[in-house]
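Here the structure comes first, spelled out in structure tokens, and everything after it is commentary.
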Amino acid sequence: MYNVNDVFGIQNGYKGFYSSNYLPMTPKSVNDIHKRGGTVLGSSRGGHDTHKIVDNIQDRGINQVYIIGGDGTQKGAYEIFKEIRRRGLKVAVAGIPKTIDNDIAVIDKSFGFDTAVEEAQRAIDAAHVEASSAENGIGLVKLMGRYSGFIAMYATLASRDVDCCLIPESPFYLEGEGGLFEYIERRLKENNHMVIVVAEGAGQDLIAKSIPVADQLDASGNKLLLDVGLWLTHKIKDHCKSKKMEMTIKYIDPTYMIRAIPSNASDNVYCTLLAHSAIHGAMAGYSFTVGMVNGRHAYIPFHRVTSTRNKVKITDRMWARLLSSTNQPSFLSKEDIMEAREAERLANRLPVPASSSEHTKKHSASVLSNASGDVQGAPTLTLSQLQQPAAAITVPAPPSSATAGTASVTVIDSDDDCDATGPPEGTPERETRTWQEAEETDRTRDERPKQPETPERMAPPPGNALHARADEAAAQAAQDVDAF
Ligand SMILES: Nc1ncnc2c1ncn2[C@@H]1O[C@H](COP(=O)(O)OP(=O)(O)O)[C@@H](O)[C@H]1O
Ligand SMILES: O=P(O)(O)OC[C@H]1O[C@](O)(COP(=O)(O)O)[C@@H](O)[C@@H]1O
């Protein structure tokens with residue numbers, strides 16, 4: 001569709017721009033890479049030298065750069081975009097969110113997350129089998145999630161075999177009333193076995209207190225985490241020993257096995273849509289992070305996705321649903337809840353609530369999105385060309401009959417951050433609302449009467465008893481969190 005002749009892969013992450021040769025990529029060479037796990041191009045931490053990267057882009061005459069990765073990668077893409085803009089180059093930068101952690105702000109979910117949740121079920125199933133095969137058996141599964149517990153939360157909700165889910169956003173404690181040990185004792189008495197899921201970033205403060213070690217960072221500046229699964233296993237064993245309680249604990253760490261598998265069908269489709277959307281946007285001359293927002297394809301300015309991180313909101317319904325599904329303690333004091341609400345209010349720039357129930361007002365990301373809900377037309381580039389950490393594409397100047405106009409471009413910000421070079425002539429009209437106007441409109445939309453929050457307002461359509469029970473339970477759980 002766009003007459004692209006030269007596509008190159010950058011090997012081993014950002015440093016590959018200046019430390020290795022670019023790898024020519026053809027439809028044939030990438031034909032089945034989506035069926036393999038990991039990355040054929042390689043990845044790395046650290047090594048982001050903005051000037052050297054942009055020098056290379058410039059020297060090689062690259063005019064579109066597609067950058068695939070998590071929030072660190074998107075930050076790096078933003079730096080590259082700013083340097084390109086400073087130099088006045090006609091190069092579009094498209095960030096494509098890929099992380100199993102799902103911690104990238106604004107977008108509905110990141111590519112890789114669904115696959116991770118699905119694969120995590122296998123580890124939870126194994127933990128359940130092992131736990132239920134022993135007397136007082138505990139199965140403990142560690143899942144990835146450095147800063148955010150989305151994989152742990154969704155895997156727990158999907159499995160229904162989990163009795164306790166621990167995530168970084170919800171601090172927990174071991175001893176005393178309402179603590180983890182008390183819950184474990186109770187659950188073993190009731191059921192004779194239990195499954196605990198812990199996200200790798202959970203309980204890091206607790207571990208640091210019991211094993212004081214200096215913080216260490218990886219090459220990208222991320223804190224190296226202590227193994228919460230191993231630590232917890234020992235703590236539980238020690239506690240049960242002190243109580244003369246017979247028990248068996250099996251610790252399963254499937255983290256890399258989960259990240260290493262090929263993406264599932266739903267992620268493959270999502271990847272295709274991201275790829276198509278990114279290509280249309282870059283061909284139209286824009287720079288952005290691409291993603292689904294409220295179910296619509298959107299082009300998001302880099303700074304919107306890099307300024308915050310997506311986290312599980314423990315004051316939100318989803319976490320309340322999890323609490324009601326596992327029956328675990330919330331580990332939260334009233335002060336913790338108020339603090340979490342206040343942090344959420346400030347992060348979302350919400351007004352001070354008139355009453356305590358006001359906090360439940362949600363404020364979704366203010367973005368504009370494609371009115372049709374989809375990007376029109378599909379380029380001939382394959383998604384697999386974009387399924388790797390970084391790829392640079394050299395695009396010939398579009399012929400006068402270029403079909404870039406078929407891309408139904410949606411721009412989420414009308415400030416100049418979203419537009420490296422401006423769209424070439426003949427491309428569709430840009431969104432004309434200012435960012436502030438857009439935000440205002442979206443806020444108005446967000447504040448329209450929503451799905452009611454209280455049990456009586458949550459009444460489902462008559463005749464649907466199953467939904468009624470589920471909704472009642474969710475509302476009750478939300479109230480429990482409120483009341484706590
Ligand atoms: N603030 C930043 N500015 C520039 N580059 C960054 C920034 N944060 C991370 N990076 C680079 O992005 C790459 C990926 O970041 P990392 O945190 O390792 O993974 P992820 O993209 O999964 O979050 C690394 O090469 C890192 O150096
Ligand atoms: O040991 P590594 O390779 O640094 O990776 C560990 C990290 O990768 C993550 O899973 C994120 O992976 P991705 O962003 O690549 O999907 C974090 O949760 C975890 O801390």
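Each ligand, and each atom within it, is numbered from 1 in the order the structure gives.
- Using modelled atom types, one finds no donor on one side chain facing an acceptor on the other under 3.5 Å when comparing Y173 with E175.
- I104 contributes atom CD1, which lies 5.5 Å from atom OG of S110 (distance to the nearest 0.5 angstrom).
- A heavy-atom cutoff of 4.0 Å around ligand 1 is satisfied by the protein residues Y14, R45, G46, H48, G70, D71, G72, T73, K75, G76, E79, S220, N222.
- Using a 4.5 Å cut-off on side-chain heavy atoms (C-beta onward), L23 and F8 make no contact.
- Scanning for side-chain hydrogen bond (donor to acceptor under 3.5 Å, both in side chains) contacts around R45 gives an empty result, with sequence neighbours left out.
- The immediate protein surroundings of ligand 2, defined as residues with any heavy atom under 4.0 Å of it, consist of R45, K98, T99, I100, D101, M144, G145, R146, E200, Y256, R259.
- With Q328 contributing its side chain and S324 its backbone, the two residues share no donor-acceptor pair below 3.5 Å.
- Listed here is the closest heavy atom pair of A92 and A282: CB-O, 3.8 Å.
- A donor and an acceptor atom, one from each side chain of Y251 and D227, are located under 3.5 Å apart.
- Here F302 and F81 bring their ring centres to under 6.0 angstrom of each other.
- Take T248 and apply the side chain to side chain contact (heavy atoms under 4.5 Å, CB included) test, not counting sequence neighbours, and it matches A134, K250.
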